[in-house]
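Please read the structure below before turning to the comments.
The sequence lines fix the lettering, A, B, ..., with proteins before strands; numbering per chain opens at 1. Worth knowing before you read on, the calculation uses all heavy atoms, side chains too, and leaves out hydrogens, waters and symmetry mates. Quick caveat: nothing in here was measured; it's all calculated off a predicted structure.
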Amino acid sequence: MGNLIVDGKRTDGRGPLDLRPLRIEVGTIKNAAGSSYIEHGKNKIYVAVYGPKDSHRFGTSLERAVIRCRYHMSPFSTEERKSPQPSRREIEISKVIRNALEPSLILDEFPKTLLDVFIEVLQSDGGSRSASITAASVALADAGIPMRDLVQAVAVGKVDGTLVVDLNDKEDKEGEVDLPVAFMLNENMITLLQMDGKLTVDEFKEAVKLAREAAVKIKEKQKEALGRKYFGMVDEK
Amino acid sequence: MMIKKGPIISNLRREQILKSLSEGKRVDGRDLLAQRPLKIEPGIIEKAEGSASVKLGDTHVIAGVKIGIGSPFPDTPNEGILIVNAEVLPTASEFQEPGPPDEDAIELARVVDRGIRESRMIDLSKLVIEPGKHVYTVFVDISVLGMDGNLFDASSYAAVAALLTASFNVYRVDGGSLVKTEERMAMPIADVAVSLTFAKIGNSIVFDPTWEEEGVMDASLTMAFDSGGRLCAIQKGGSGGLKIDDVFRMVDLGREMYLDIKKKIEEAVGNAKPGS
């Protein structure tokens with residue numbers, strides 16, 4: 001391509017390591033046990049957590065809460081209308097998001113229950129699964145689910161031969177690599193890792209390190225958002 | 001909905017698996033980084049344009065390639081189309097119900113797809129009959145007949161072997177309509193994708209986990225290398241996390257080991273492919 005970075009600036013004016021504007025709100029859906037809203041770049045995503053609620057259905061565990069996760073894109077969330085039926089992509093993403101959140105949660109305090117995480121992408125931009133994870137972890141904290149750490153995610157990519165953090169839509173579609181990573185920073189742990197594109201092993205390691213640095217910044221935003229609801233510590237900006 | 005679809009592993013067995021690993025051996029006698037016996041048989045389905053059976057230990061997967069004719073996607077008028085689908089058949093285990101692909105089968109197909117697509121193993125630009133109008137569609141259908149863990153690698157080897165050995169009838173535009181000719185064309189192969197899956201169990205990293213090992217693992221990491229040793233697809237599997245250092249260790253191991261696996265695939269299809 002060769003037009004995604006010009007004079008060191010990306011298509012939206014950012015430098016390679018800059019994050020897009022990120023705003024998180026907590027307690028956005030009244031009926032939910034926990035909820036959040038995130039704007040990350042042009043992503044606009046609501047998350048509602050319901051439960052843990054008693055469940056007798058097949059698949060319920062006697063040892064812990066079973067988590068169910070739905071990532072869904074609204075029909076108007078994309079350039080071309082998206083069919084409201086869950087696509088194969090959405091089904092896979094629902095699964096990997098569940099796997100990204102589950103390591104952080106202490107679910108054995110709620111045996112024989114079901115914990116629902118509903119993610120609705122009202123507008124999608126690059127990195128919607130990452131933003132969903134960041135928001136869902138906040139909503140789970142808002143629901144009072146005991147957790148080891150907040151989880152946050154960001155996609156690193158390679159555009160015009162350069163590693164860049166937090167891909168926008170254009171970079172996601174036209175770039176050479178898309179590498180979303182979710183972290184539990186307290187434990188130096190990765191809970192989601194996917195990649196497509198081509199990277200050497202050394203580039204891959206560098207990309208994960210860049211993602212980790214970005215995750216530290218995103219975690220601050222998560223804590224600020226929770227702090228605003230629960231402690232009124234941080235002024236609205 | 002997460003419903004555990006596997007054998008329940010008793011605490012005693014779990015302890016046994018962990019103890020064995022701490023002594024550097026696995027309960028099936030393998031070294032930590034050894035692969036189970038891998039048997040790849042291409043060309044087992046005469047009616048398919050390409051096919052392969054893969055047995056990885058007791059995991060048994062068949063992949064078939066069929067060729068269709070379609071319209072290209074509007075954003076890639078000069079490229080053919082690749083579609084990968086996977087089904088875990090009810091023959092595979094007592095835990096598998098018949099029905100449309102569930103999230104595990106969809107993930108399986110998408111992970112195999114990404115390895116093949118991102119390694120650019122198929123030269124899709126050579127699958128065009130008339131730019132913007134008619135292209136070949138390559139359907140790779142994966143059927144899991146027997147389940148004993150590591151479906152990602154077994155399915156990838158089956159898909160890759162089926163593609164490497166595929167050939168099909170050429171179509172031509174003649175007087176404005178598409179005509180199927182008798183001329184045969186080999187699948188345009190530009191590279192080979194090599195899949196490797198590692199699992200973290202206790203303090204150990206193992207290669208090619210069995211179903212039982214998947215039941216006790218923290219998480220797994222599946223990666224695909226191109227023939228030049230570049231990573232082209234990755235997927236963390238399982239509902240646990242992986243330490244960053246373990247992820248790095250796994251990709252290092254994969255980089256050291258992928259050529260051996262690639263050789264096994266190429267020997268099975270009897271045909272060294274370009275890019276090596």
Side-chain angles (χ1 to χ4, degrees), chain A residues 57-61 66-70 80 86-96 98-105 114 116 148-149 151 173 176-185 187-205 207-209 211-212, chain B residues 1-5 74-75 83-86 100-111 113-115 117-120 191 218-226 228-256 258:
Chain A
R57 41 183 295 175
F58 181 62
T60 306
S61 167
V66 166
I67 173 170
R68 190 164 64 163
C69 181
R70 176 179 124 124
E80 302 279 325
S87 65
R88 289 163 65 87
R89 173 181 171 276
E90 286 168 285
I91 292 169
E92 187 207 344
I93 289 180
S94 296
K95 178 179 174 179
V96 296
R98 190 186 71 222
N99 286 343
L101 297 170
E102 203 169 318
S104 73
L105 303 174
L114 189 59
D116 274 320
R148 297 179 175 88
D149 197 1
V151 180
K173 292 197 173 92
E176 295 136 58
V177 175
D178 179 21
L179 173 75
V181 199
F183 292 92
M184 254 161 63
L185 293 167
E187 317 212 1
N188 234 358
M189 194 167 263
I190 288 174
T191 65
L192 172 136
L193 181 58
Q194 296 184 285
M195 187 185 96
D196 51 56
K198 287 201 181 192
L199 286 181
T200 66
V201 168
D202 287 341
E203 286 173 323
F204 167 76
K205 290 180 181 174
V208 170
K209 285 176 189 155
R212 191 185 182 286
Chain B
M1 182 69 190
M2 193 202 72
I3 298 169
K4 195 171 174 315
K5 280 191 313 196
D75 52 341
I83 292 174
V84 180
N85 180 55
D102 63 6
E103 60 170 23
D104 296 332
I106 288 170
E107 182 191 29
L108 173 61
R110 290 176 60 85
V111 170
D113 179 300
R114 284 201 283 268
R117 192 179 301 279
E118 299 300 332
S119 68
R120 305 202 190 114
D191 205 330
D218 298 333
S220 64
L221 197 71
T222 297
M223 61 200 79
F225 285 91
D226 66 11
R230 280 185 297 177
L231 284 161
C232 29
I234 292 182
Q235 182 96 339
K236 191 219 85 178
S239 56
L242 290 171
K243 297 273 186 196
I244 296 176
D245 288 343
D246 286 329
V247 169
F248 288 179
R249 174 94 182 106
M250 288 176 182
V251 295
D252 284 337
L253 287 168
R255 181 73 177 76
E256 288 165 26
Y258 85 98

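Of the atoms belonging to A:V181, not a single heavy atom falls under 4.5 Å from chain B. When heavy atoms are compared at a cutoff of 4.5 Å, B:N85 approaches chain A by way of both its backbone and its side chain. For A:R70, no part lies under 4.5 angstrom from a heavy atom of chain B. With a 4.5 angstrom heavy-atom cutoff, A:I190 touches chain B via backbone and side-chain atoms both.
With chain A as partner, the option from B:R255, B:E107, B:R120, B:M223 having the largest number of non-hydrogen pairs under 4.5 angstrom is B:E107. Taking chain B as the reference chain and counting heavy-atom pairs below 4.5 Å, the highest number among A:A100, A:P103, A:S104 is found for A:P103. Chain A forms more heavy-atom pairs under 4.5 Å with one residue of B:G238, B:G254, B:A109 than with any other, namely B:G238.
We find that B:D252 and A:K205 are joined by a salt bridge, their nearest charged nitrogen and carboxylate oxygen being less than 4.0 Å apart. Here B:R117 does not pair with A:D196 in a salt bridge; the nearest charged N to carboxylate O distance is not below 4.0 Å. For B:R110 and A:E92, the salt-bridge test passes: some basic side-chain N is under 4.0 Å from an acidic carboxylate O.
A donor-acceptor distance shorter than 3.5 angstrom exists from the side chain of A:K198 to the backbone of B:S119, with no hydrogens or angles considered.
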Exercise. Can B:K236 and B:V247 be said to form a side chain to side chain contact (heavy atoms under 4.5 Å, CB included), step by step?
Worked result: CA-CA 9 Å; B:K236 191 219 85 178; B:V247 169; over 6 Å; no
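Counted within 6.0 Å of CZ on A:R88, heavy atoms from surrounding residues, nucleotides or ligands total more than 12; the atom is thus considered enclosed.
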